[in-house]
S.K.: 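First the structure, then my questions, so here it is.
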Amino acid sequence: MFNGLASPRFSKGRRWPRRPALTRRFLSLLLVFALPLPQGARAAEDAWVEQRQEMLAAIRDMAATTPLDTGGEAMSESVMAVMGRVPRHEFVPERMKPLAYLNRPLPIGHGQTISQPYIVALMTDLLDVDAEDVVLEVGTGSGYQAAVLGELVRKVYTVEVIAPLGEQAAGRLARLKYDNIESRVADGYYGWEEHAPFDGIMVTAAAGHVPPPLIRQLKRGGRMLIPVGGRFLTQYLMIVEKDEQGAVTTSQVLPVRFVPLTGEH
Amino acid sequence: MTVEAVAGSPSGARAASPPYVAIAVISAAALAYEVLLIRLFSIVQWHHFAHMVISLALLGYGASGAFLALSAEVLQRRFVTVFAVNALLFGVTAVTSFLLVQVLPFNPLELLWDPAQPMWLALVYLVLAVPFFFAANCLGLSFYSFSKLIPRAYGYDLIGAGLGSLGVIALLYVLKPGQLLMVIGASGAVAAALLTAGGSVRRRRAVVGAASVSILVLAGLAGRGVSLQPSPYKGLSHALRVGGSELVEEKSSPLGLLSVVRSPLVPYRHAPGLSLNSTIEPPAQLGVFTDAEALSVITRFDGDISRLAYLGDLTSALPYQILNRPRVLVLGAGGGADVLQGIYHGAGEIDAVEVNPQMVALVRDDYGEYAGRLYDRQEVRVFAQEARGFVAGSERGYDLIQVALLDSFGASSAGLYALSESYLYTVEALQEYVSRLRPGGLLAITRWVKLPPRDGLKLFATAAAALRLSGVEDPERRLAWVRGWSTSTVLVSNGEFSPQAVAAVRQFCTERAFDLVYVPGIRPGEANRRNVLAKPLFFLGAQAVLEHAPAEFLDSYKFDIRPATDDRPYYFNFFRWSSLPELLDLRQQGGMALLDSGYLVLVVTLLQAVAASALLILLPVWIRSRRRISSVPAGTKWRVFFYFMAIGLAFLFVEIAFIQRFVLFLSHPVYAVSVVLAGFLIFAGLGSRYAQREGRSGAWRGLLLAAVTGIAGISLIYLLALAPGLDALMSWHDLPKIMVTLMLIAPLAFLMGLPFPLALTALGDRARDLIPWAWAVNGCASVLAAVLATLLAIQLGFTFVVLSAIVLYAFAAWVVGHSFTDREASIG
């Protein structure tokens, strides 16, 4: 009875990182730490850029094997361009910096993590924002996701409930001159009423249910994105959509191509 | 006894008989430590890693065997001192090892990502193996030094362990886990003091002095106990990081550590699976965490029913759309949310069952006012009992049996329960629930939604199987299933759904933006409309389960969604070998989230244990053969190896499998295990003492064969007759049930106590050098057995585990059937 369903294809995506890339990364790390400032500053910056390019390659590889069930064929170029610009190493604790551009989540203290770059790109892509949009983020964390959104939209409002995290992220975003991002330490349940409605809402703090105020603050035709799962692994992404009539539907997307039915009969 | 014992040797160092009481104390403490570590790890980490770490730490026993194989000859000359020092070291390292492990940066959640994590994990093993190494040195050296008295000494070892398993549970009611750790630490010193009480004055002073100092230090620390630091990624840690939140109460028992947290600035608003159309904010709530995870809430209730309206917007509210003023049974009442839901919907009567009495006390007493005297209401009755036991023992019929959603999504989604047995969701359980329903009554079970579908689909398949087994020919007319984006609820009806009921389900879904997965007469276009998956996997799965050949579908699904049974009670395990390559390939993208890693953790544990065992068993043999000390022929070594490996595995297989059977019967997760375990150990200990009297001279082999035949016979009878027999007694009271359990265990365990000491004594007569080695082999076998039994039970069920044990016992008997050592063949 499962004829016509997708068959079980083992997606043989290219693995990453490749060994030469690793070597290159190692060398660039050496550059970062070995060269004296100020001549070294330039080289260090170059090294980060190079690492960022490798991270992009890794994201592309993964995206190529993952169908984005919700529309887009591949990761949008504008998202990829932003991922290539935002200095991720500025958003992780000092001792994590050498690992900042690996395609993996990293602990940032306070029991929180900075998401895997691939997941950040995927979520940003799925939120499907325009340059004129106003976006709310619930759960600032390191501030990285806000920074990525900040490069894509007109204004980002971001709320964090854990005070030290929120304050740290605010300072970081100000230092990096993300002037279109406004942050505050508050209970994310109520969103940010004064600036509602929002074209898009990103809820990065896990919750058993979607706070009704957030749904209220979502513009008609807008999208909300919620990653569901643990702090180091995302189970699936939930997209909440509000249509022009105000009706709310959701769709659930796995970050991997995986069909549980073998469909051979 | 120690006075003469020590005086017996000219140097005062060599005793005439083993220090029986000290042996029992060390065994009791080591077993208590094992149980306590599981508790401690469940709090600071997650419990399946607890099992992994502890089973490997037990390799300390194997390591001790290897160590003694090389040094016992020298050490036995200073037996008393060596025993006392090892006992003291056990006590001290029991405490310090845990403290050290707590500061190691091991984070199981990062195992996939961080290449340093496996190294930290290895260090955790190593550190925790140390106390077990010292404890095993005490025991192994005793066996070696008093080879004629092994059965008696082994008997004390087993009886001590049995008492330890009872004692630790009793103490966990009075002491917090951190305090109990200190008590175990002190018991090492107690054993040392006991041993030297009658020795020469100088040694006595020295050792008693050292012992009292360590007792004093540990007792001083015990006032506060060791402070536990849960992983920063656990729910409790996160809750306490939120501004304004505070820990207002802690209650501890063997059932778990309950932490009550108040968070006035950022309220909990716990309403899992709340409809997206809901606009109501829940009232204030207190968070109750069990073992720093699994949030349940006590909701502030001022008698104003309208404030509870959000409880009508959960998928679990579905049965109330069909039933009018039902008599409800809530299984797993937790903080009382499902009871409130019943009150909100005007239930006529509500019986609430909660396994943890301390949880009941929180809602009824400590925060009774806050909870609006929920449990004192006229229509509500509360029972502090285990769910299956309550249902089996109750004669009442219900209109609705509501199985609550108590485990947290986080832990559930990380596959952290994969290895825990659960008798709540088995085919037999569902049959029992349905049999308690009045005509037209409903069983409602709510689970988290996982993608791709796992939990829910397995539950639906279990429900269909339960109905079929109960003789229902058309299960498709008695099932309904709805889902939101995060929870799903399956209904099983005792009778066919009426058209009105089906219409009510449809309306419920429409109003709350939930999806129909299945109702009688569902059309394909009705499913997967509001919470959309790329493919309507839930709908297709439900259809397949109800079709003519569900087995084919279950077999071809990439997750293990075969219904769980009482023989294979692993509802939370979805792992299938066939999907492993594909998921590993996808691991960087999140494939690991689909892997339900619990099973894999177990496989890795087994591989590590095999490797470590091989090293520990082979190393001493290799070293000794290089030094050409050993005069024992190779054939004997192999026989000893196979014999002790086989009986080591078999003993634990039987024990573990029957513990499961009796846990279900005694229906209490904690006492049951300790009573059954104590029963096995104590009766085996008595068997071992019997072996001391009867197993002398050449008679040992005949006794051994009789024992093995007896074990096989009783096991087979129990396999066939135990389940139906125990079912008939399920409604009895606790005490007679415990008596019956112990009476059933007694003959089996008594016989199981014979093979190890009989053979060890025979070795003592003929190849004493091999005693420590046999001890190492047996220690390693126990570690392998614990892991292997679970792996086999998950795949094939506990019946298979018992059958394997019978085969292993038979094999052991065959190994020694003709001759145990080459020389012995000619002796007799």
Side-chain angles (χ1 to χ4, degrees), chain A residues 1-2 5-6 8 10-13 16 62 65-67 69 103-107 109-111 116 118-119 161-163 185 187 189 206 208-212 215-216 228-236 238 240 247-265, chain B residues 107 109-110 112-114 231-234 237-238 241-243 265-267 269-274 276-281 409-410 413-414 450-453 485-486 513 529-535 537 540 543-544 547 552 556-559 581-583 585-586 588-594:
Chain A
M1 67 161 292
F2 291 106
L5 282 182
F10 287 67
S11 22
K12 294 253 189 253
W16 78 278
M62 283 194 175
T65 63
T66 306
D69 295 320
N103 192 4
R104 56 169 275 201
L106 292 170
H110 308 281
Q116 186 185 3
Y118 165 67
I119 295 289
V161 71
I162 297 169
V185 172
D187 179 1
Y189 184 86
H209 71 273
V210 185
I215 295 192
R216 247 189 342 264
V228 181
R231 293 209 168 74
F232 287 89
L233 275 178
T234 306
Q235 270 243 337
Y236 60 89
M238 179 167 88
V240 181
V248 176
T249 55
T250 76
S251 43
Q252 282 91 350
V253 186
L254 287 180
V256 293
R257 178 201 288 271
F258 182 80
V259 182
L261 306 165
T262 46
E264 281 159 1
H265 49 276
Chain B
N107 176 16
L109 301 179
E110 272 188 284
L112 165 66
W113 304 109
D114 182 359
S231 153
Y233 304 102
K234 292 194 87 167
S237 310
H238 190 253
R241 226 173 267 121
V242 170
L265 302 184
V266 183
R269 305 153 183 139
H270 187 63
L274 186 70
L276 293 175
N277 292 352
S278 181
T279 52
I280 313 149
E281 183 174 351
F409 176 81
S413 77
K450 281 204 222 168
L451 289 181
W485 68 270
S486 85
R529 289 175 52 191
R530 303 182 187 95
N531 300 281
V532 184
L533 308 182
K535 293 198 167 45
L537 292 171
L540 293 173
Q543 294 293 321
E547 292 233 325
E552 200 181 319
S556 65
Y557 203 69
K558 288 188 193 167
F559 296 102
E582 181 180 2
L583 289 173
D585 217 33
L586 295 170
Q588 305 275 7
Q589 280 159 282
M592 286 308 269
L594 308 181

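Protein chains get the first letters and strands the later ones, always in sequence-line order, with residue 1 at the start of each. For clarity, every value in this text was computed on a predicted model and none was experimentally measured.
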S.K.: Pick whichever of A:I162, A:V248, A:V240 has the most heavy-atom pairs under 4.5 Å with chain B.
M.R.: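 Option with the greatest count: A:I162.
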S.K.: If I compare all heavy atoms of A:P212 with all of B:T279, which pair ends up nearest, and what's the gap?
M.R.: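 Shortest heavy-atom separation between A:P212 and B:T279 comes out as CB-CA, 3.8 Å.
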S.K.: What's the separation between atom CG in B:L276 and atom CE in A:M238, rounded to the nearest 0.5 Å?
M.R.: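 One finds 6.0 Å between CG of B:L276 and CE of A:M238.
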S.K.: Counting C-beta onward and ignoring hydrogens, is there a side-chain heavy-atom pair between A:D187 and B:P267 closer than 4.5 Å?
M.R.: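 Yes. Closest side-chain heavy atoms under 4.5 Å.
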S.K.: Return the option, out of A:A247, A:P105, A:A163, with the maximum number of heavy-atom pairs under 4.5 Å with chain B.
M.R.: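 If we count pairs closer than 4.5 Å to chain B, A:P105 comes out on top.
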S.K.: Can you tell which part of B:D114 gets under 4.5 Å to a heavy atom of chain A, answering side chain, backbone, both or neither?
M.R.: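 It is both, since atoms from each part get that close.
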S.K.: Name the option with the most non-hydrogen atom pairs under 4.5 Å to chain A; the candidates are B:I280, B:L451, B:V266.
M.R.: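 Maximum pair count with chain A is reached by B:L451.
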S.K.: Side-chain contact test, heavy atoms from C-beta onward, threshold under 4.5 Å: evaluate it for A:P107 versus B:Y233 and give yes or no.
M.R.: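 Yes, their side chains come closer than 4.5 Å.
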S.K.: List the atom of B:W113, the atom of A:N103, and the distance in Å for their closest heavy-atom pair.
M.R.: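 That would be CZ3-O, 3.7 Å.
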S.K.: Give me the atom names and distance for the closest heavy-atom approach of B:N531 to A:Q252.
M.R.: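 That would be C-OE1, 3.7 Å.
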